[in-house]
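Structure, as structure tokens:
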Amino acid sequence: MSSNRDQREEIENEEEDESLYEHHKFKAEVGQKPLRVDKYLMNFIENATRNKIQKAAKSGNIYVNGETVKQNYKVKGGDTIQVMFEHPPYEYLLVPEDIPLDIVYEDDVLLVVNKAAGMVVHPGHGNYSGTLINALVHHFDNLPNNSSDRPGLVHRIDKDTSGLLVIAKTEEAMAHLSRQFFDKTSEREYVAIVWGNVDEEEGTIEGNIGRNPKNRLQNIVYLGDDAENGKPAVTHYKVIERLGYVTLVGCKLETGRTHQIRVHMKHIGHTLFNDERYGGDRILKGTTFTKYKQFVDNCFKILPRQALHAKTLGFEHPKTGEWMSFNSDIPQDMVNCIEKWRGYAKNQLEDL
């Protein structure tokens, strides 16, 4: 409830529209070329359609700088765009759902779950059910809220990323674990398949990460004078196995920015394999032969998601002070894809 109150306080014309709730809010970048607000919002709202946006405009639910606008309003640099409705965002209307959880550890203050690829961690635009939190609120009572009012959630991983997450069951555990993630004392290691033959055996990627002004569904690295547009991010990587036109790498996070590994690896020229959002669902390295294209397409079918798994997780137990470390198996879809690339790379060497 406090989040809804905070949202209402942000509305400039609160006295007139105190029953409205903010569902989306964007600030147009300086230098934004004039663009119709319906087209602007289609670029920045996931799963949006022009018809839905036009309906919102006709019902007076699109505001620019606190004033309602029509769908043909031209957004300019510096404009603040809000989409408002009379009901709270669905992500705050949590419905318990009897969804099985893969719990690898549990005690009275926390649990560690192994999330399957395809499961959204928390409800959001276009994903209001079937999420990890819908499952958690069914299986556990009175989970503490994090700073975003999401029960139990200390950290998150992307929908199509598989792997380990720690969940807090008490307020004290939430505070203690959240502080570890903030202070970078927790440990998180991922495995990923990336396009290309990574030059160095290991290395560190440093670059501030922030929203892509041309596509808010992506993040990008900001450097130099533009660094202030992003937040500091550090990723350490190490080659596990070279597989010809792709490489299996391990990535250790110092920070936990949204899409961090996906953005950092793309930044150094090694986009994650089959990462649709960042262009990894195309052939980025290899030959032009038809047989190779068929081989890669088969790999995409075997692994229909970005090739990323949160394999290990370590933290200090908030109650006992004991260091806890967990390791999870690489899921079968990634294993199958790795094996196919391993076979392809072996055949390539034999043909030399």
Side-chain angles (χ1 to χ4, degrees), residues 24 39 41-50 52 115-128 130-132 156-163 190-196 198 205 207 209-221 230 233 235 237 243-249 251 253 256-288 292-311 330-341 344:
H24 304 273
K39 292 183 178 179
L41 290 173
M42 278 189 66
N43 289 337
F44 292 151
I45 298 179
E46 191 169 7
N47 299 317
T49 64
R50 192 166 185 177
K52 288 181 181 178
K115 186 189 82 67
M119 174 181 266
V120 177
V121 171
H122 58 76
H125 306 298
N127 298 288
Y128 304 119
T131 74
L132 177 64
R156 61 179 293 275
I157 56 178
D158 298 325
K159 171 186 175 183
D160 289 326
T161 299
S162 53
Y190 293 68
V191 290
I193 306 171
V194 301
W195 277 108
V198 178
I205 309 166
I209 290 178
R211 291 286 190 184
N212 184 341
K214 296 180 180 178
N215 182 351
R216 285 187 63 89
L217 301 183
Q218 292 183 355
N219 283 341
I220 58 173
V221 171
T235 304
Y237 68 87
L243 301 166
Y245 296 122
V246 301
T247 305
L248 182 66
V249 297
C251 294
L253 297 182
R257 307 303 176 200
T258 301
H259 300 173
Q260 179 170 321
I261 293 172
R262 300 164 71 183
V263 174
H264 268 174
M265 295 308 296
K266 179 182 176 72
H267 178 67
I268 64 169
H270 297 287
T271 304
L272 264 63
F273 185 78
N274 209 10
D275 187 348
E276 179 182 4
R277 183 163 295 190
Y278 289 93
D281 59 340
R282 304 189 301 273
I283 295 177
L284 300 182
K285 297 290 181 180
T287 74
T288 57
Y292 176 70
K293 182 180 183 301
Q294 291 173 342
F295 166 78
V296 175
D297 285 342
N298 286 335
C299 289
F300 286 156
K301 290 175 183 176
I302 288 171
L303 183 64
R305 63 178 179 102
Q306 70 255 13
L308 186 62
H309 175 66
K311 193 174 191 309
I330 298 175
Q332 197 60 46
D333 58 356
M334 277 187 71
V335 169
N336 292 343
C337 187
I338 291 166
E339 289 177 349
K340 280 192 73 71
W341 276 106
Y344 184 88

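The shown structure was predicted, so the numbers you read here are calculated from the model rather than taken from an experiment. Along the sequence shown, the residues carry numbers beginning at 1.
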Worksheet item: Rounded to the nearest 0.5 Å, how far does CH2 of W341 lie from CG of L243?
Response: 8.5 Å

Fill in: Residues K293 and D297 bridged, charged N to O under 4.0 Å
yes

Worksheet item: With a 3.5 Å cut-off and no angle check, do the side chains of N336 and Q332 form a donor-acceptor pair?
Response: yes

Worksheet item: With a 4.5 Å heavy-atom cut-off, do V221 and I205 have their side chains touching?
Response: no

Worksheet item: Are any of the side-chain heavy atoms of I220 and P213 separated by less than 4.5 Å?
Response: yes

Fill in: Atom CD of E276 with >12 non-hydrogen neighbours under 6.0 angstrom
no

Discussion item. Is there a side-chain contact (heavy atoms from CB on, under 4.5 Å) between Y190 and I157? Walk through the geometry before answering.
Written reply: CA-CA 11 Å; Y190 293 68; I157 56 178; 3.5 Å; yes

Worksheet item: Between atom CZ of F273 and atom CD1 of I338, what is the distance when rounded to the nearest 0.5 Å?
Response: 11.0 Å

Fill in: Closest heavy-atom pair and its distance - A192, L308
CB-CD1, 3.7 Å

Item to complete: Look up atom CZ in F44 and atom CG in N215, then write down how far apart they are to the nearest 0.5 Å.
Response: 7.5 Å

Discussion item. What I'd like to find out is whether the side chain of I209 reaches to under 4.5 Å of the side chain of T258, using heavy atoms alone.
Written reply: no

Practice prompt. Output the distance between atom CD1 (I261) and atom CG (D275), rounded to the nearest 0.5 Å.
Written response: 11.0 Å

Worksheet item: Could you go step by step and tell me if H259 and Y278 meet the side-chain contact (heavy atoms from CB on, under 4.5 Å) rule?
Response: CA-CA 10 Å; H259 300 173; Y278 289 93; 2.6 Å; yes

Practice prompt. Check whether any side-chain N or O of K115 sits under 3.5 Å from a backbone N or O of V120 as a donor-acceptor pair, and report yes or no.
Written response: no

Worksheet item: Among N274, L272, L284, which one satisfies side-chain contact (heavy atoms from CB on, under 4.5 Å) with W195?
Response: L284

Discussion item. Between Y245 and V296, is the side-chain contact (heavy atoms from CB on, under 4.5 Å) condition met? List the steps.
Written reply: CA-CA 10 Å; Y245 296 122; V296 175; over 6 Å; no

Discussion item. Counting the benzene-type ring for Trp, do H264 and Y237 have ring centres under 6.0 Å apart?
Written reply: no

Discussion item. As a quick check of understanding, evaluate side-chain contact (heavy atoms from CB on, under 4.5 Å) for R305 and M334, giving each step before the final call.
Written reply: CA-CA 9 Å; R305 63 178 179 102; M334 277 187 71; 3.6 Å; yes

Practice prompt. State whether D158 and R262 are salt-bridged, where the test is any N-O pair (Lys NZ or Arg NE/NH1/NH2 against Asp/Glu carboxylate O) under 4.0 Å.
Written response: yes

Discussion item. Test of understanding: with side-chain hydrogen bond (donor to acceptor under 3.5 Å, both in side chains), list the residues that count as partners of R211, not counting sequence neighbours.
Written reply: none

Discussion item. With heavy-atom distances below 4.5 Å as the criterion, would you say the side chains of R257 and N219 are in contact?
Written reply: no

Worksheet item: Any idea which heavy atoms bring T161 and A310 closest together, and the distance?
Response: CG2-N, 4.3 Å

Worksheet item: Are V121 and T131 close enough that some pair of their side-chain heavy atoms sits under 4.5 Å apart?
Response: no

Worksheet item: Going by the angle between their ring planes, with limits at 30° and 60°, are Y344 and F295 parallel, tilted or perpendicular?
Response: parallel

Practice prompt. With rounding to the nearest 0.5 Å, note down the distance linking CD in Q306 to CE in M265.
Written response: 14.0 Å

Item to complete: Working to the nearest 0.5 Å, report the span between OG of S162 and NZ of K311.
Response: 11.0 Å

Fill in: Note, K340 side chain near I302 side chain (heavy atom, < 4.5 Å)
yes

Worksheet item: Side chain of T247, backbone of G196: donor and acceptor closer than 3.5 Å?
Response: yes

